[in-house]
Enquirer: 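Dropping a structure here in structure tokens format, bear with me for questions.
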Protein chains: 2
Amino acid sequence: MSEHWRLTDKGVTDSHGQYISAIYRHMQILISAELAPYQIGSGQYIFLMAIAFQQPITQKALSEKLLIDKTTTAKAIAKLEAEGYVRREADPADNRYQLLYLTESGREVVPKVQEALGRVKSKTRKGITDEEYDLLLGLLKIVLRNLSKQEEMLE
Amino acid sequence: MSEHWRLTDKGVTDSHGQYISAIYRHMQILISAELAPYQIGSGQYIFLMAIAFQQPITQKALSEKLLIDKTTTAKAIAKLEAEGYVRREADPADNRYQLLYLTESGREVVPKVQEALGRVKSKTRKGITDEEYDLLLGLLKIVLRNLSKQEEMLE
DNA sequence: TCAAATAAGATGTTATTGCAACTATTATTT
DNA sequence: AAATAATAGTTGCAATAACATCTTATTTGA
């Protein structure tokens, strides 16, 4: 009874947070290794893929879509631009916006990045059925929504 | 057909990686805010809790248990020691090992950290039943195991 | 119309994290 | 027993990411 601070295993390890962070860190390492040949880091590929999906797009829109801070977005885009994968163009209608496009080089690298991400995805979801995977995504989506809501409440 | 690089929404957004990283980043923010009063950052609390669970423990054991690089562990422990929550003691049987103990201050803060983590956990798993949560943990566990195996293969 | 407010981005700083390379200590091999 | 291996931990460096603050451009309101 005097050991009120002693913890059960449940309390320490069995919460999604621990798994999420371990998975995140390990995936970062895997993805970095996969994309190293293209000089694309784990902090940039999401932006490259999002631009490939919707072109042109602004940094603001990217930040909101990916739920990433706008300063992080700015720096990631700067790297992608420095590598020659992305091109910036001021929006003629509103000069505050930078419209982002893939360059020729960017269009060439996107399928390779997509394949690399596919490899990582299939490695990591081995042993999980399609039904289970859908379920996993659904639950992760709920967790993420809870977190985003939390953020709105703070504003 | 010339647009072989154009992506479907599935390909870009519907993979666990995106959710994992977004959840990870947002949880880091939430936890940092919750633990700010105790001068404990999002990079330290896991170690504090793991030491509370098993005392004494070495940095090596912490790194393996938490799947975190030993240099990260070293730095986190250094911070916890600087804040006065953790005490280091060379293992008399093998001076390479540092045995880690909670200090009095550490024992006092652990329940508060636990409560804070509990708050974060219940906020983020809102709308998820116990059965679904168990399922989520199970699936995350599989993903993490796949990633750890990947690591072993590289050795 | 012109000042104030708002919006998009950029920059500087800080925290978390991992790799490479290093020190110190213990174990192994010859 | 001395030389070599292996192990635990530390340090320096670089990448990711967020917050605070600043700049520039647009919109709003008086």
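Residue numbering restarts at 1 for every chain, and letters A, B, ... go by the order of the sequence lines. Note that this is a predicted model, so its numbers are computed, not measured.
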Enquirer: In terms of relative ring orientation, are Y24(A) and Y24(B) parallel, tilted or perpendicular, with 30° and 60° separating the classes?
Expert: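 Y24(A) and Y24(B): parallel rings.
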
Enquirer: Taking 4.0 Å as the cut-off, does a side-chain nitrogen or oxygen of N95(B) come that near to OP1 or OP2 on dT26(C)?
Expert: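 For dT26(C), OP1 or OP2 has a side-chain N or O of N95(B) closer than 4.0 Å.
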
Enquirer: Scan T58(B) against the nucleic acid and name what it touches under 4.0 Å (heavy atoms): base, sugar-phosphate only, or nothing.
Expert: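 T58(B): backbone/sugar contact only, no base atoms under 4.0 Å.
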
Enquirer: Please state how far atom CE in M27(A) lies from atom P in dA17(D), giving the value in whole angstrom units.
Expert: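 Taking CE of M27(A) and P of dA17(D), I get 13 Å after rounding.
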
Enquirer: Just verifying a value: how many Å separate L140(B) CG and L136(A) CG, rounded to the nearest 0.5 Å?
Expert: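 One finds 6.0 Å between CG of L140(B) and CG of L136(A).
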
Enquirer: Give the nucleotide from the list dT11(C), dA8(D), dT16(C) with an atom nearest to the side chain of Y97(B).
Expert: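 For the Y97(B) side chain, the nearest candidate turns out to be dA8(D).
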
Enquirer: Report yes if a side-chain nitrogen or oxygen of Q44(B) is closer than 4.0 Å to either non-bridging phosphate oxygen (OP1 or OP2) of dT16(C); otherwise report no.
Expert: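 Answer is yes, contact under 4.0 Å.
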
Enquirer: Nearest of dG9(D), dA10(C), dT16(D) to any side-chain atom of A74(A)?
Expert: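 From the listed options, dA10(C) comes nearest.
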
Enquirer: Distance check: side-chain N/O of K79(A) vs OP1/OP2 of dT16(D), anything under 4.0 Å?
Expert: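 Answer yes for this pair, as a side-chain N or O of K79(A) is under 4.0 Å from OP1 or OP2.
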
Enquirer: Identify which nucleotide among dC19(D), dT25(C), dG9(C) has an atom closest to any side-chain atom of T71(A), counting heavy atoms from C-beta outward.
Expert: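 Nearest to the side chain of T71(A) among the choices is dC19(D).
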
Enquirer: For dA5(D), which nucleotide is its Watson-Crick or G-U wobble mate, given both distances must be under 3.5 Å?
Expert: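 dA5(D) is paired with nothing.
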
Enquirer: Using a 4.0 Å heavy-atom cut-off, does K60(A) contact any base of the nucleic acid, only the sugar-phosphate backbone, or nothing at all?
Expert: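 The answer is sugar-phosphate, as K60(A) gets under 4.0 Å only of primed atoms, P, OP1 or OP2.
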
Enquirer: What I want to find out is whether K79(A) reaches E83(A) closely enough, with some N-O distance under 4.0 Å, to be called a salt bridge.
Expert: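 No, K79(A) and E83(A) are not salt-bridged.
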
Enquirer: Take atom CG of L66(A) and atom P of dT16(D), then tell me their distance rounded to the nearest Å.
Expert: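 Rounding to the nearest Å, CG of L66(A) and P of dT16(D) are 15 Å apart.
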
Enquirer: Expressed as a whole number of angstroms, how long is the span from Q98(A):CD to dA7(C):C1'?
Expert: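 That distance rounds to 13 Å.
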
Enquirer: Give one of base, sugar-phosphate or nothing for S42(A), where a contact means two heavy atoms less than 4.0 Å apart.
Expert: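 S42(A): backbone/sugar contact only, no base atoms under 4.0 Å.
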
Enquirer: Would you mind calling dA5(D) syn or anti? Take O4'-C1'-N9-C4 for purines or O4'-C1'-N1-C2 for pyrimidines, and syn is within 90° of 0.
Expert: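 Base orientation: syn.
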
Enquirer: Expressed in angstrom and rounded to an integer, what is the separation of L80(B) atom CG from dA15(C) atom P?
Expert: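 In whole Å, dA15(C) P lies 14 Å from L80(B) CG.
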
Enquirer: Starting at CG of L30(A), measure out to NZ of K123(A) and round the result to the nearest 0.5 Å.
Expert: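 If we round to the nearest 0.5 Å, L30(A):CG and K123(A):NZ are 5.5 Å apart.
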
Enquirer: What's T73(A) touching, base or sugar-phosphate or nothing? Going by heavy atoms closer than 4.0 Å.
Expert: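 Nothing: the residue T73(A), judged by heavy atoms under 4.0 Å, touches no strand.
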
Enquirer: From CD1 of I23(A) over to P of dT17(C), roughly how many Å is that when rounded to an integer?
Expert: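 To the nearest whole Å, that distance equals 15 Å.
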
Enquirer: Are any of R88(B)'s side-chain N or O atoms less than 4.0 Å away from OP1 or OP2 of dT10(D)?
Expert: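 True: R88(B) side-chain N/O within range (under 4.0 Å) of dT10(D) OP1/OP2.
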
Enquirer: Whole angstroms only, please: what is the CG-P distance between L35(B) and dT16(C)?
Expert: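 After rounding, the gap between these two atoms is 11 Å.
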
Enquirer: Taking for each residue the nucleotide of DNA chain C with the nearest heavy atom, is it R25(A) or R96(A) whose nucleotide lies nearer the 5' end?
Expert: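 Mapping each residue to its closest nucleotide by heavy atoms, the 5'-most match is R96(A).
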
Enquirer: Select from F47(A) and D94(A) the residue whose nearest nucleotide in DNA chain D is closer to the 5' end of that strand.
Expert: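 The answer here is F47(A).
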
Enquirer: For the pair made of CD in Q28(B) and P in dA18(D), what is the distance, rounded to whole Å?
Expert: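 My rounded result for the distance is 9 Å.
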
Enquirer: Do the charged groups of E89(B) and R87(B) touch, with an N to O distance under 4.0 Å?
Expert: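 A salt bridge is present here (some side-chain N lies under 4.0 Å from a carboxylate O).
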
Enquirer: Between dA21(C) atom P and D69(B) atom CG, what is the distance in whole Å?
Expert: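 D69(B) atom CG is separated from dA21(C) atom P by 14 Å.
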
Enquirer: Counting any heavy atom closer than 4.0 Å, what does Y24(A) reach on the DNA or RNA strands: base, sugar-phosphate only, or nothing?
Expert: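 It contacts sugar-phosphate atoms only.
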
Enquirer: Partner lookup for dT26(C), please. Criteria are Watson-Crick or G-U wobble with both distances under 3.5 angstrom; report none if nothing qualifies.
Expert: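 Partner of dT26(C): none found under 3.5 Å.
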
Enquirer: Should I57(A) and L99(A) be regarded as members of a common hydrophobic cluster, given that ILVMFWY residues are connected when their side-chain heavy atoms come within less than 4.5 Å of each other, either directly or indirectly?
Expert: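 No.
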
Enquirer: Can you find a donor-acceptor N/O pair under 3.5 angstrom joining the side chain of K75(A) to the base of dG12(C)?
Expert: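 Check passes, donor-acceptor contact within cut-off.
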
